[in-house]
Amino acid sequence: MAEGDNRSTNLLAAETASLEEQLQGWGEVMLMADKVLRWERAWFPPAIMVIFFLLLPGLNQHGIISKYIGMAKREINKLLKQKEKKNE
């Protein structure tokens, strides 16, 4: 019984070490994202806008922007209809 427990413990430790190694590079990305979201530097907001505008054509090409605009229009129409019914 103890030998089986030892194997499972070793296997779990190996999996944990592997996962930690795989995620190590993401730590730095997360730290930078945190700094950007907190706007720790004055140039972060303009940099975010430049990145957004660079991604915009690609997003539009795949129909992502059109999809979300359509969803927003449908939701607005639903709210307007609800308001009309409420006023009647």
Side-chain angles (χ1 to χ4, degrees):
M1 184 85 174
E3 187 176 316
D5 289 344
N6 194 21
R7 284 185 194 162
S8 64
T9 301
N10 288 340
L11 181 60
L12 184 61
E15 289 175 353
T16 303
S18 173
L19 182 61
E20 186 177 324
E21 185 178 319
Q22 292 172 3
L23 295 176
Q24 190 148 11
W26 285 101
E28 299 207 13
V29 172
M30 295 305 294
L31 287 173
M32 183 52 107
D34 182 57
K35 288 180 181 180
V36 169
L37 292 174
R38 293 176 191 262
W39 289 5
E40 290 184 359
R41 301 187 192 263
W43 54 268
F44 280 154
I48 292 171
M49 292 298 292
V50 168
I51 291 170
F52 176 75
F53 285 118
L54 290 175
L55 292 175
L56 194 60
L59 294 173
N60 198 29
Q61 180 181 2
H62 295 291
I64 294 171
I65 293 173
S66 301
K67 175 183 173 182
Y68 285 106
I69 288 174
M71 288 171 55
K73 285 180 180 178
R74 284 192 297 275
E75 290 300 316
I76 290 170
N77 286 334
K78 283 181 191 176
L79 292 172
L80 290 173
K81 286 180 184 178
Q82 288 175 356
K83 186 177 179 181
E84 287 176 4
K85 286 181 182 178
K86 190 176 183 180
N87 288 336
E88 290 178 354

* Asked: About how many Å separate NZ of Lys81 and NZ of Lys85, when rounded to the nearest 0.5 Å?
  ->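 One finds 8.0 Å between NZ of Lys85 and NZ of Lys81.
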
* How many angstroms lie between CD in Glu84 and CG in Asn77, if you round to the nearest 0.5 Å? ->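 It comes to 9.5 Å.
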
* With Arg74, which residues qualify under side-chain contact (heavy atoms from CB on, under 4.5 Å), at least two apart? ->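 Per chain and number, Arg74 pairs via side-chain contact (heavy atoms from CB on, under 4.5 Å) with Met71.
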
* For Glu15, all residues meeting side-chain contact (heavy atoms from CB on, under 4.5 Å), sequence neighbours excluded ->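 Expected list: Leu11, Leu12.
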
* ILVMFWY cluster, Tyr68 and Phe53 together (side-chain gap under 4.5 Å) ->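 They do share one cluster, since a chain of ILVMFWY contacts under 4.5 Å joins Tyr68 to Phe53.
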
* Asked: For the hydrophobic clusters of this structure (ILVMFWY residues joined by side-chain heavy atoms under 4.5 Å, transitively), does one cluster hold both Leu23 and Val29?
  ->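 Per the 4.5 Å side-chain linkage, Leu23 and Val29 are co-clustered.
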
* Please name all residues satisfying side-chain hydrogen bond (donor to acceptor under 3.5 Å, both in side chains) with Asn10, sequence neighbours left out, ordered by chain then number. =>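 Partners of Asn10 by the side-chain hydrogen bond (donor to acceptor under 3.5 Å, both in side chains) criterion come out as none, since no residue qualifies.
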
